[in-house]
Amino acid sequence: MTGRYGVTRFVVGLVLGRTPSEGAAVTGVYDRHTYLPEKRSALAAWAGHLTGSRAPFAENAGGSLDPRAVGPASEIEAAKARALQLVAAGDLDQAVFLICMTMARRSEIAALHLDILAKAGLDLARSGQKVAIERWIRGFR
């Protein structure tokens with residue numbers, strides 16, 4: 001991630017759940033920033049790498065899905081609309097990742113449930129079933 005996508009070692013460490021070591025003894029207690037945008041960007045680059053997508057991840061390719069900008073229901077609707085655009089463009093894996101990342105931010109979604117949904121979505125994406133993926137996306141609330 002650092003060489004190919006320019007993600008700093010600091011952000012990679014945060015994505016991996018590590019505590020930053022540089023200056024942590026002095027500044028760590030004062031740094032209350034979550035680094036969510038930086039971590040999201042790093043994970044989006046990694047998702048694009050894993051899927052071999054030609055386009056940048058959805059958050060960089062046509063509008064922000066910043067959860068602070070919209071409420072939970074409208075965030076899901078915005079993600080669904082963007083995911084359907086990705087399906088129309090043929091980026092089925094990206095559509096599934098977008099929905100899964102959006103749903104992962106919801107505390108009421110159990111991790112096991114999300115794992116099952118993600119596997120089902122990726123199975124549909126890998127088999128190229130556009131209509132089934134569209135139904136899968138529209139089913140989220």
Side-chain angles (χ1 to χ4, degrees), residues 1-24 26-141:
M1 291 174 79
T2 56
R4 183 174 285 185
Y5 300 107
V7 178
T8 66
R9 287 177 180 253
F10 176 79
V11 172
V12 170
L14 292 173
V15 167
L16 295 173
R18 304 289 189 255
T19 304
S21 59
E22 266 183 42
V26 176
T27 61
V29 73
Y30 300 106
D31 189 356
R32 300 291 183 202
H33 183 56
T34 62
Y35 295 92
L36 284 177
E38 294 85 351
K39 291 190 287 187
R40 185 177 298 125
S41 177
L43 290 171
W46 185 243
H49 173 79
L50 292 176
T51 62
S53 176
R54 302 169 312 282
F57 190 71
E59 289 163 329
N60 299 327
S64 173
L65 291 176
D66 186 347
R68 294 167 294 186
V70 294
S74 58
E75 178 188 1
I76 291 171
E77 291 306 313
K80 286 168 56 173
R82 182 65 188 128
L84 291 170
Q85 290 174 347
L86 289 167
V87 170
D91 282 332
L92 304 181
D93 285 340
Q94 288 286 12
V96 170
F97 282 130
L98 172 62
I99 292 295
C100 289
M101 288 180 75
T102 302
M103 297 309 288
R105 289 192 288 266
R106 304 209 40 175
S107 60
E108 69 272 16
I109 304 293
L112 180 60
H113 187 200
L114 188 58
D115 288 347
I116 293 167
L117 290 170
K119 181 175 179 351
L122 288 173
D123 287 346
L124 293 172
R126 293 202 174 107
S127 63
Q129 299 181 38
K130 281 188 172 186
V131 174
I133 286 284
E134 288 173 349
R135 281 195 307 254
W136 182 85
I137 290 168
R138 286 188 176 102
F140 285 92
R141 291 185 225 130

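Numbering of residues begins at 1 and proceeds along the displayed sequence.
Rounding to the nearest 0.5 Å gives a distance of 10.5 Å between CG of Leu16 and NZ of Lys39. In this structure, the separation between CG on Leu84 and CZ on Arg82 is 10.5 Å, given to the nearest 0.5 Å. Here CE of Met103 is found 6.0 Å from CZ of Phe140. Values are rounded to the nearest 0.5 Å. Atoms CD and OG1, from Glu77 and Thr102 in turn, are 11.0 Å apart once rounded to the nearest 0.5 Å. Expressed to the nearest 0.5 Å, how far CH2 of Trp136 lies from CG of Leu122 amounts to 7.0 Å.
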Decide yes or no on side chain to side chain contact (heavy atoms under 4.5 Å, CB included) for Lys119 and Asp115, but give the supporting numbers first.
CA-CA 6 Å; Lys119 181 175 179 351; Asp115 288 347; over 6 Å; no
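Under the 4.5 Å side-chain criterion, counting only non-hydrogen atoms from C-beta, Gln94 is not in contact with Leu98. At least one side-chain heavy atom of Asp93 sits less than 4.5 Å from a side-chain heavy atom of Arg126.
By the side chain to side chain contact (heavy atoms under 4.5 Å, CB included) test, Lys130 pairs with Val87, Leu92, sequence neighbours left out.
Minimum heavy-atom separation, Val96 to Ala125: CG2-CB, 4.1 Å. The shortest heavy-atom contact between Ala83 and Ala95 is O-CB, 3.5 Å. Between Arg138 and Lys80, the shortest heavy-atom distance links the atoms O-NZ, 3.3 Å.
For Ser127 (side chain) and Leu124 (main-chain N/O), a donor-acceptor pair under 3.5 Å exists by modelled atom type.
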